[in-house]
Chemist: 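Sharing a structure, written as structure tokens. Questions coming.
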Number of protein chains: 2
Amino acid sequence: MSKAETATGVKLGRLGDYVGFRLRRVQNQLSRDFVNATANRGLRSGLFSSLALISANPGISQAELSREIAMDKSVTVSLLDDLERRGWAARKRSTQDRRRHALYITPEGERELEEIFAVVSTTENAVLHQLSPAELMLLSELLDRMYAVCVREE
Amino acid sequence: MSKAETATGVKLGRLGDYVGFRLRRVQNQLSRDFVNATANRGLRSGLFSSLALISANPGISQAELSREIAMDKSVTVSLLDDLERRGWAARKRSTQDRRRHALYITPEGERELEEIFAVVSTTENAVLHQLSPAELMLLSELLDRMYAVCVREE
DNA sequence: AAATATAGTTGACTTATTCAACCAATTTGC
DNA sequence: GCAAATTGGTTGAATAAGTCAACTATATTT
């Protein structure tokens, strides 16, 4: 059994037996770090990952994007409005299927993305340099295996 | 390099290089599972973990609880109002320090907590049985090491 | 005893999340 | 080929979450 007490002397009790709890703790902290590190840019939640996915999948549709990051499609609309306003991404009406918007990142968006990735790397490394490269790979693999089940079950 | 493409054919691109991203994915899914599985009880966010921590730390104060789950103390107030209304927890004015509320779980709360833990176990196991016991322990250990750094840095 | 700090509460404000309704374009089933 | 159903995108309303400053009461510090 792993340590059931925190730095402040508060006991975790049975909560400490759940991986989900540990996962959430770490993730919350990483996410707070991210928000702090990028506060000056005023990035709303989901904006960074949307931009990254558009960059990696030029021409992706809003529906696909929504599915991938599990956002309601209405959120995607306003996120895209935001990205277009900033000049970081653009919607182009698809010629094959005229319902769809094909999404593209702009050069400015690409530059911005580059900078944000650099910031994320820095904050992540602050936590991850605790782990050896082998452990890091293992961690990723375990998380992927867990995620694969989640998705399959839907 | 691990797989950079998802089930739907969407590429993760550089996003796939970040452990934080994988962590978030899995955590989001687990958290959705939890919400679905407990939807009938109408548990607001933070209520379950608060109750569990009160159970593990009888007499804990609201401030300590707030710190432990990184909630604003005003949120803790309304969470406690909720828990008292349900009859799952009670505030008692501390006699040593009359500013503090010492928090206690009630027998009903304990029963409810038991049930919720059972539900959580079920949903978590659906994902975790993918991992061997050894891998599970390793995962917990890695997460704890990551979390330890987060906390130390504050 | 005055100044400072901590515990809890309240209310205002901002941001996220969820949901239903709607239009336009496409696909499916006769 | 046409009606019905589905999908992609948009809008707006409703609810929930998260953040913050102000305030009371009690403790602690000096």
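Computed from a predicted model, the values in this text were never measured in an experiment. Reminder, nothing fancy here: chain letters follow the sequence lines and each chain counts from 1.
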Chemist: Write down the distance between CG (B/D72) and C1' (D/dA21), rounded to a whole number of angstrom.
Modeler: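 It is 11 Å, rounded to the nearest whole Å.
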
Chemist: Between A/R91 and D/dG8, is there a side-chain N or O to OP1/OP2 distance below 4.0 Å?
Modeler: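 No, no such contact exists.
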
Chemist: Please list all pairs meeting ring pair (Phe, Tyr, Trp, His ring centres under 6.0 Å) that have one or both residues in residues 25-78 of chain A, counting only residues at least two apart or in different chains.
Modeler: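 Those involving residues 25-78 of chain A are A/F34-A/F48, A/F48-A/F117.
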
Chemist: With sequence neighbours excluded, what pairs up with B/S78 under the side-chain hydrogen bond (donor to acceptor under 3.5 Å, both in side chains) test?
Modeler: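 For B/S78, the residues satisfying side-chain hydrogen bond (donor to acceptor under 3.5 Å, both in side chains) (neighbours in sequence not counted) are B/R44.
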
Chemist: Between the protein and nucleotides 23-30 of chain D, are there any N/O to N/O pairs under 3.5 Å, and if so, what are the atom names and distances?
Modeler:
residue, atom, partner, partner atom, Å
D/dT26, OP1, B/R98, NH2, 3.1
D/dT26, O2, B/R99, NH1, 3.3
D/dA27, OP1, B/R98, N, 2.7
D/dA27, O4', B/R99, NE, 3.4
D/dA27, O4', B/R99, NH1, 3.4
D/dA27, O4', B/R99, NH2, 3.3

Chemist: Just to be sure I understand the geometry, which residues of residues 46-54 of chain A put a non-hydrogen atom under 4.0 Å away from DNA chain C?
Modeler: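 Those residues: none at all.
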
Chemist: How would you list all residue pairs meeting salt bridge (charged side-chain N to carboxylate O under 4.0 Å, His left out) that involve residues 129-139 of chain B, not counting sequence neighbours?
Modeler: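 Of all non-adjacent pairs touching residues 129-139 of chain B, those that pass salt bridge (charged side-chain N to carboxylate O under 4.0 Å, His left out) are A/R145-B/E135.
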
Chemist: Would you grab the first and last nucleotide of DNA chain C (5' to 3') that comes under 4.0 Å of any non-hydrogen atom in chain A?
Modeler: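 Both ends considered, the range comes out as C/dA16 to C/dT26.
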
Chemist: Do B/R25 and A/I69 come within less than 4.5 Å of each other through their side chains, counting heavy atoms only?
Modeler: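 Answer no - side chains too far apart.
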
Chemist: In whole Å, I'd like the distance from the CZ atom of B/R44 to the C1' atom of D/dG18.
Modeler: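 Distance check: B/R44 CZ to D/dG18 C1' gives 11 Å.
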
Chemist: What pairs with B/N28 under side-chain hydrogen bond (donor to acceptor under 3.5 Å, both in side chains), at least two apart in sequence or on another chain?
Modeler: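 Residues passing side-chain hydrogen bond (donor to acceptor under 3.5 Å, both in side chains) with B/N28: none at all.
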
Chemist: Atom CZ of A/R100 to atom C1' of D/dT6: distance rounded to whole Å?
Modeler: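 It works out to 14 Å between those atoms.
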
Chemist: Take atom CZ of A/R67 and atom C1' of D/dG8, then tell me their distance rounded to the nearest Å.
Modeler: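 About 10 Å, once rounded to whole Å.
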
Chemist: Over how many whole Å does the gap from A/R32 atom CZ to D/dG18 atom P extend?
Modeler: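 So the CZ-P distance, A/R32 to D/dG18, works out to 11 Å.
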
Chemist: With heavy atoms under 4.0 Å as the rule, sort B/S78 into base, sugar-phosphate or nothing.
Modeler: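 The residue B/S78 makes no contact with any strand.
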
Chemist: Are B/I60 and B/V77 connected in a single hydrophobic cluster, I mean Ile/Leu/Val/Met/Phe/Trp/Tyr linked by side-chain heavy atoms less than 4.5 Å apart?
Modeler: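 No; tracing contacts between hydrophobic side chains, which count when under 4.5 Å, never links both residues.
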
Chemist: Please walk me through it: do B/Q29 and B/R32 pass side-chain hydrogen bond (donor to acceptor under 3.5 Å, both in side chains)?
Modeler: CA-CA 5 Å; B/Q29 190 56 50; B/R32 251 191 305 274; 3.1 Å; yes

Chemist: Considering residues at least two apart in sequence or located in another chain, which fulfil the side-chain hydrogen bond (donor to acceptor under 3.5 Å, both in side chains) criterion with A/R100?
Modeler: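 A/R100: side-chain hydrogen bond (donor to acceptor under 3.5 Å, both in side chains) contacts with A/S61, A/E64.
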
Chemist: I want to check something: taking the side chain as every heavy atom from C-beta on, are B/S94 and B/R99 in contact at a cut-off of under 4.5 Å?
Modeler: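 With C-beta onward as the side chain, the pair stays apart.
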
Chemist: Would you tabulate the nitrogen or oxygen pairs shorter than 3.5 Å linking the protein to nucleotides 3-5 of chain D?
Modeler:
none

Chemist: Quick one: do B/V19 and A/V119 end up in the same hydrophobic cluster if we chain Ile, Leu, Val, Met, Phe, Trp and Tyr together by side-chain heavy atoms under 4.5 Å apart?
Modeler: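 In one cluster: no.
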
Chemist: Does a side-chain N or O from A/Q62 land closer than 4.0 Å to OP1 or OP2 of D/dT7, or not?
Modeler: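 For A/Q62, the contact criterion (side-chain N or O under 4.0 Å from OP1 or OP2 of D/dT7) is not met.
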
Chemist: Using the ring pair (Phe, Tyr, Trp, His ring centres under 6.0 Å) rule, collect all pairs that involve residues 51-107 of chain B, keeping only residues at least two apart or in two chains.
Modeler: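 Sorted result for residues 51-107 of chain B: empty, none.
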
Chemist: Decide whether A/L136 and B/Y147 are clustered together by the hydrophobic rule: side chain heavy atoms of Ile, Leu, Val, Met, Phe, Trp, Tyr closer than 4.5 Å, transitively.
Modeler: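 Per the 4.5 Å side-chain linkage, A/L136 and B/Y147 are co-clustered.
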
Chemist: Would A/K92 and A/L103 count as a side-chain contact (heavy atoms from CB on, under 4.5 Å) if you check the C-alpha gap in whole Å, the side-chain angles of each, and the deciding distance to 0.1 Å?
Modeler: CA-CA 6 Å; A/K92 292 191 189 148; A/L103 306 176; over 6 Å; no

Chemist: Rounded to whole Å, please give me the gap between CE in B/M71 and P in D/dA16.
Modeler: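 Going from B/M71 (CE) to D/dA16 (P), I get 18 Å.
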
Chemist: Quickly work out the B/L79 CG to D/dA16 C1' distance and round it to whole Å.
Modeler: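 It is 13 Å, rounded to the nearest whole Å.
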
Chemist: Apply side-chain hydrogen bond (donor to acceptor under 3.5 Å, both in side chains) to B/T76 and list each qualifying residue two or more places apart in sequence or on a separate chain.
Modeler: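 For B/T76, the residues satisfying side-chain hydrogen bond (donor to acceptor under 3.5 Å, both in side chains) (neighbours in sequence not counted) are B/S66.
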
Chemist: Using five base pairs at each end to define the local axes, how bent is the helix from C/dA1-D/dT30 to C/dC30-D/dG1, to the nearest 10°?
Modeler: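 Here the helix ends are tilted 30° relative to one another.
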
Chemist: Using a cut-off of 4.0 Å on non-hydrogen atoms, how would the nucleic acid contact of B/S45 be classed: base, sugar-phosphate, or nothing?
Modeler: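 Here B/S45 touches the backbone only, sparing every base.
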
Chemist: Of all heavy-atom pairs between A/L79 and A/S50, which one has the smallest distance, and what is that distance?
Modeler: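 In this case the closest contact between A/L79 and A/S50 is CD2-OG, 3.6 Å.
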
Chemist: Can you check whether B/R14 reaches A/E114 side chain to side chain, under 4.5 Å on heavy atoms?
Modeler: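 Answer yes - side chains close enough.
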
